[in-house]
Amino acid sequence: MGASVDGWIRVPVGGESGRWDTRGSVRRVLFVVHNVTSATRLLDVLPLFRGDWRLQMLATCTGSSPFQAGVRELLADVGVPVLPWAQALRTPVDLAISASFGGELHALDGKLAVLSHGVGYNKTLARPGGPEARRPGGPEARRPGGPERSERSEARRPGAVGGPERSELSGGGADPVFGMSGEWLLVDGAPIADAMVLSHPEQVERLRAACPPAAHTAALAGDPCFDRLLAARSHRARFRRALGVRSGQRLVVLNSTWNPESLFGDGGGEDLLPSLLPRLTGELPADDFRLAAVLHPNIWLGHGPGQVRAWLDRARRGGLALLDPLEGWRQALLAADLVIGDHGSVTYYAAALGTPVILGAAPLNGLDPASPVADFVRTAPRLDPRRPLRRQLEAAITGHRPLPGPAELTTSVPGKSADLLRALFYDLIGIAEPDRPAVLDPLPLPPYEPPQRTAPLRVLTLLTREREVTIRRFAEPPHEPEEAMEDAVEDAMKDTAEGVIEEGSATQGGRAGRCGRGVEEAHTAVHEDTADREAVATADVIFRYGAADDPRLGPPESWGTEVLAQWPNCTLAAYISGPGVCTVRTRAGDALRLSAAPSATDPAAHASALLAALAAGTPLPDLIAHGLTVRTARTTHTVKVTDLRPPRRTPH
């Protein structure tokens, strides 16, 4: 892959490549990248060419997208020769594959196949430089007090079916549908592509209606991205464990496409996400819900990963997992119990999988009114930011009835895209297919990413039966949680044959319960590394996570002794060394190990439950002898309590 002074590569293409090639009698397949988003769809189909000694794969970038960040690094990881765009236009290839329409694709010297980089073609977009390029939603319209902001705000209003149609906003002239209109598909009246890969006959019909001269290029070949999702459904439990989702927890995934009217955007009239995120981490009990965010690569790479992390810093400290936009989003969709999304393809994929979806942003302007995504946005349930969140989310899960459109219209040939695409590609190249099955890469198992809550936790506890504690934890709640504990008491009473809650005595900071004879108690639990140093100084429980043999921290028992000595207000220190294990030091001098099943709730919650049981007067010997029952996240866990102090010698 040597390069000349002007940046053109000399091997394995170029005027002198025959002199330097080791294998020169090959057909050339060129992957045409516009940005990282389109590159991911090309990476979906790259495995179809693996193992074929007759082919040389190449890559290029058109430079036409404003989102160029990350492209160079991604192509370097792929490891195929990368041609400058000018050289690519002058290099004969046997097949070029693109997942977008930017750049001078018509000038490529070879057959061209075009894939969608989302769920078909649903959005309207003026071609750069065209008469409609200055479209609604541009920078002027987004100025504070700009003329269109109030009109677009209807798409955010609870109960609204979306903002005004594009034709209304643009004075009667709608932008062309990206990937379906002649403005994008034709040059001098002739189709740019030799093959337009579509996933459903519905798309073929829209193409035939919108651009008849390109209709003959339609190739029905499925959706490789969705097929990879379908093939990995059996690994849902693994993907949930990778995200640290525990027994009884519900995984809520926030998803946003890019553009001002998306869930992440600030151009929809109501800038929802900055107020929604702290409410999600503060209103949803931490042990009942796991939160993750999947953001479009254009958000990450347009604004910068560091800026995105900075915007989401508070939510991340409250337990939000910010997932890799390239590698982790599909696994998160499969693991999810609910997706809070918008009009983007990822939210539509979630609905196609049958996952409950509730829309936080639902703009119709910018969508082809005849597209399946527009129909989905018109009919999917909405999130109402003015109402309590937990009941809305739970109702969306328990009352879920899948909409038929997404599952039916994403692909008409589920599981068949590898066979169909490889047959199409090799037919365009002009050689026979390999005599082995066509396969796509399976979704990899993501790295283990448990919650890292460093925000102060408000912990509500209730001794519901002997040696049984019901617990709810909230990350920086905006106010003292009330209804969550009432619901917990109701759940506990339903599962208690006598319907009686054991009496207990409140500790300092506790408060009288409102249900039966129980006493509800509250305390604060804080990660040792919290940024809020005032919170750690006043915390009742201080905890941290780490390996039991981490030499920086010392043995867990010693760490606990140090914490209690450093922070005199702390009653209990807990060192979590595994998914179900923690070592506890109490102010009374006890050294204990709490152990439960790895799928049980966070051991830091077990430590808080132990504090509540001891404060309510439960004798420690009883807990050591019989264990502690912890109720949270709609499940009940048994926690073994082991005394780590040496047994006392009996005098002779």
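Bear in mind that the values here come from a model prediction, so they are computed numbers and not experimental data. The residues of the chain are indexed from 1 along the displayed sequence.
- In this structure, E261 CD and S256 OG are separated by 11.5 Å, a value rounded to the nearest 0.5 Å.
- L254 contributes atom CG, which lies 6.0 Å from atom CG of L276 (distance to the nearest 0.5 angstrom).
- Using a 4.5 Å cut-off on side-chain heavy atoms (C-beta onward), L320 and L280 make no contact.
- Across A361 and S262, no two heavy atoms sit closer than the pair CB-C, 3.9 Å.
- For the pair E283 (side chain) and L389 (backbone), a donor-acceptor distance under 3.5 Å is present.
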List, one per line, each side-chain donor-acceptor pair under 3.5 Å for residues 284-303, sequence neighbours excluded.
residue: D287; atom: OD1; partner: R473; partner atom: NH2; Å: 2.8
residue: D287; atom: OD1; partner: T601; partner atom: OG1; Å: 3.1
residue: D287; atom: OD2; partner: R473; partner atom: NE; Å: 2.8
residue: D288; atom: OD1; partner: A633; partner atom: N; Å: 2.8
residue: R290; atom: NE; partner: L243; partner atom: O; Å: 2.7
residue: R290; atom: NH1; partner: G319; partner atom: O; Å: 2.7
residue: R290; atom: NH2; partner: L243; partner atom: O; Å: 3.1
residue: R290; atom: NH2; partner: E449; partner atom: O; Å: 2.9
residue: H296; atom: ND1; partner: N298; partner atom: N; Å: 2.9
residue: N298; atom: OD1; partner: T37; partner atom: OG1; Å: 3.3

Using distance only, find each side-chain donor-acceptor pair of residues 67-75 under 3.5 Å and give its atom names and separation, not counting sequence neighbours.
residue: Q68; atom: NE2; partner: H34; partner atom: O; Å: 3.1
residue: Q68; atom: NE2; partner: S65; partner atom: O; Å: 2.9

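- In this model, no donor atom of one side chain and acceptor atom of the other lie less than 3.5 Å apart for E394 and T398.
- Scanning for side chain to side chain contact (heavy atoms under 4.5 Å, CB included) contacts around D337 gives R236, R240, R250, L251, I397, with sequence neighbours left out.
- In this structure the side chain of V253 never reaches within 4.5 angstrom of the side chain of W329, judged on heavy atoms.
- Between the side chain of T410 and the backbone N or O of P406 there is at least one donor-acceptor pair closer than 3.5 Å.
- At least one side-chain heavy atom of Y349 sits less than 4.5 Å from a side-chain heavy atom of C225.
- To the nearest 0.5 angstrom, E183 atom CD is 10.5 Å from L125 atom CG.
- In this structure, a donor-acceptor pair under 3.5 Å is present between the side chains of T347 and N255.
- Between L277 and R314, every side-chain heavy-atom pair lies at or beyond the 4.5 Å cut-off.
- The aromatic rings of F101 and Y121 sit tilted, their planes meeting at an angle between 30° and 60°.
- Between N122 and Y348, the side chains place no donor N or O within less than 3.5 Å of an acceptor N or O (distance only, hydrogens not considered).
- Between L364 and R378, some side-chain heavy-atom pair lies under the 4.5 Å cut-off.
- The nearest pair of heavy atoms linking D368 to T124 is N-CG2, 4.1 Å.
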Can you list the steps and then say if R391 with D384 is a salt bridge (Lys or Arg N to Asp or Glu O under 4.0 Å)?
-> CA-CA 11 Å; R391 293 186 185 276; D384 186 345; over 6 Å; no
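- What you find for A99 and H117 is that their closest heavy atoms are O-ND1, 2.7 Å.
- Nearest heavy-atom pair across D227 and S417 is OD2-OG, 2.6 Å.
- R279 places a side-chain N or O within donor-acceptor distance of the main-chain N or O of P385, the cut-off being under 3.5 Å.
- Across every non-hydrogen atom of P176 and W184, the tightest pair is CG-NE1, 4.1 Å.
- For the pair I340/L393, a side-chain contact is recorded, criterion being any heavy-atom separation below 4.5 Å from C-beta on.
- The closest side-chain heavy-atom distance from L42 to I97 is below 4.5 Å.
- Remark: side-chain polar atoms of D602 are not paired, donor with acceptor, to backbone N or O of A605 under 3.5 angstrom.
- Expressed to the nearest 0.5 Å, how far CH2 of W258 lies from CG of L263 amounts to 16.0 Å.
- Expressed to the nearest 0.5 Å, how far CD of Q203 lies from OG of S371 amounts to 10.0 Å.
- Judged by distance alone, the side chain of S345 and the main-chain N or O of V119 form a donor-acceptor pair under 3.5 Å.
- Residues R228 and D441 are not paired through a salt bridge, judged by the lack of any N-O separation under 4.0 Å between the basic side chain and the carboxylate.
- A donor-acceptor distance shorter than 3.5 angstrom exists from the side chain of T530 to the backbone of T454, with no hydrogens or angles considered.
- Taking 4.0 Å as the cut-off between side-chain N and carboxylate O, R317 and D532 do not count as a salt-bridged pair.
- V197 is not listed as a side-chain neighbour of S116, based on a closest heavy-atom distance of 4.5 Å or more.
- Distance check: D223 CG to D44 CG gives 8.0 Å after rounding to the nearest 0.5 Å.
- Shortest non-hydrogen contact noted between V357 and A350 is CG2-CB, 4.0 Å.
- Tested against K123 for a side chain to side chain contact (heavy atoms under 4.5 Å, CB included), the candidates V373, D175, T257 yield a single pass: T257.
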